[in-house]
Structures are given as C-alpha cells and as structure tokens.
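All remarks here apply to the structure that follows.
Quantities reported herein were computed from a predicted structural model and do not represent experimental measurements. Chain letters run A, B, ... following the sequence lines, proteins first and then strands; every chain starts at 1.
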Amino acid sequence: MSEQQQKTSIVRLVLDVLKPHNPNIIDFSKSIAQLKGIKRVDSSVQEVDVETETIKLIIDGNELDVSKIEEVIKRLGGAIHSVDAVVIEKIETKK
Amino acid sequence: MVIGRLRQRIRTIMTLSETSGIARRYFALNAFDGALIGLGAIFGFYISDLHEYKVISLTILAIALGSAISGFSGAYISEKLEQEARLKRLEEAILTDLKDSIHYSASLTSTIIVSLINGLSSMMAILVVSSPYILSSYVSSSEVVGIVGSMLTFLALLGLLGYFFGRELRISTLSVVSRVLLVGVIAVVIYLLFEVAIRL
C-alpha cells in the first residue's frame, strides 16, 4: 500500500525592501531572479528618498528559499523591512 | 569580449561607488598638471643647455615617478575617507550593515582605481611630453628640434584631452579643445618669455 507524503513550499513572497539607488531596480530584480526556483520577479518603486528607495517585490516560483533571497538582497545593499504576503502550496507525493 | 566585460565591471563599480565623475576630473587635472610639469622640466634642461641623454632621462623618470606616487597616495587617502563617509550615510539611511554588500567591495575597488588614475595620468603626461626632447638627446640631434617636438606634443596632448572631455560630457568638443589649447599656448608663451629673460 503506498503512503502519501505532504510537503509545503513557498510559491509567492511579497516583500517590502529598502535599497540604495544603485543598483537600479532592473539590475536588482535580475540578480534576485537568478536564484534557483524563482520564475518571476515583479518590482515596483513605492517611495524615493535622497539616498534610498522603497520597493515592493513580488517573487513567484517553486520552493522559494527565503534565506537565500534575503542573502542576495543584503548583498545588493538592501534590507527587507517586512514580508507583506506569502503564498504556500501543499504538495502531496506518493511514496 | 574579456575587455568588454572588464569595462562593464569597472563601470558598475564606479556607478555603485559614485566615482565616475571624480575619476574623470582627476584624470583631466592630473594629465594637464603632468603635461605642464613635463614641459617645464624640458624647458629647464633647454635653458640650462643640458643635453646629456642620461641626465635628462633619469631626471624625467624620477619626476614622473614622484608625481605618480604623490598622485596615488593623495587620492587614496582622500578617496578612502570619502567612501567611508558615503557608506556610513548609506548605512544610516538603510539601517543595515553594508560590510557584506557589493557597495562595500565597490568602495574599496573604486578607491584603488581612482588613485591609480590620479597617479598614472600625471606620470603618463610627463613622459609623453618629454619624450621628443629625450629622444633628440638620445640621437644627439639639435635641442631646438627636441624642444619644438615637446611643445607640439604638449599641445597635441592637451587637444586630445579636450576632445576626450568634450565627448564624455557631451559638450561641444571644438569649444573645449579651443579653450584647452588656448591655455596651452599661454603656458608655452610664458615658458618662452622665461627663456628670453634668462638668456638676456
């Protein structure tokens, strides 16, 4: 008799990110999109300051790794201010 | 392709560290300085009737080296402080430590690049302007040929700098070149008057 295994995976993240003006939003999003499992990055600028800008990042994919995404954002000089939304899917697999 | 990628990488570093403009200004100022120093040194040899190849070439090399060291170290100290202040401002704005970020590594690399530009531009200009005179002493030709060659090289270098700047800043190259050449001609006239005054 086959057993069913359940696994959850993050398929969408909506992040509020504060970043310097450079790299620009295009290069910033491209760098994040290069991560494994990410299919789509939707970015929009919410606020602009003298030194920084606040952007909204909508990241879609399979099994998104939050720690890796955070690492990339930090490496690009950004900081995640909040996780505004998350979509998690439950996958059932037969063993 | 490798050069293209290297250029792109340098451009990215300069954009991140906000040093593109300062690097351009350092290059122009120091190349101009170096050209004038080179011409001044050559005029000094010419007026002193010193035409020995070994003396001239070694003196010019020492001046060029000193200029490079001065340019590099001065720019390194000032640019390092500027970058530290800029990173601190950014960290305060983002409320996060940027030590692991590309901004930190770009600030270190750009400091070196800008310092090298500052040092090497002056050195290059000194060597380029003085090379006709050094060559004339090496082949034992007339020093007048050497000094005229150096003066023409000096004006050509200034013209090239003016053209480079006009193109980079997207302003009338003719206007920039004519302004720079006017300064160059005035400098040459001053040196010639100085020579006349000494010889009288």
How close do B:Ile102 and A:Leu76 get, heavy atom to heavy atom, and via which atoms?
-> CD1-CD2, 3.8 Å
Heavy atoms from other residues, nucleotides or ligands near CD1 of A:Ile26 exceed 12 (cutoff 6.0 Å) = no
Are B:Phe154 and B:Leu152 grouped together when hydrophobic residues (ILVMFWY) are joined by side-chain heavy atoms under 4.5 angstrom apart?
-> yes
Any chain of hydrophobic side-chain contacts (each under 4.5 Å) joining A:Leu18 to B:Leu90?
-> no
Taking everything shown except B:Tyr76 itself, do over 12 heavy atoms lie less than 6.0 Å from its OH?
-> no
Connected-component partners of A:Ile58 among ILVMFWY, side-chain separation under 4.5 Å | A:Val14
Can you list the donor-acceptor atom pairs spanning chain B and chain A that come in under 3.5 angstrom?
from: B:Arg89; atom 1: NE; to: A:Glu51; atom 2: OE2; distance (Å): 3.0
from: B:Ile102; atom 1: N; to: A:Arg75; atom 2: O; distance (Å): 2.7
from: B:His103; atom 1: NE2; to: A:Asn22; atom 2: O; distance (Å): 2.6

If you draw a 6.0 Å radius around CG in B:Leu6, do more than 12 non-hydrogen atoms from other residues or ligands fall strictly inside?
-> yes
Within 6.0 Å of CG in B:Leu174, more than 12 heavy atoms from elsewhere | no
Residue B:Ile94 versus chain A: region with a heavy atom under 4.5 Å = both
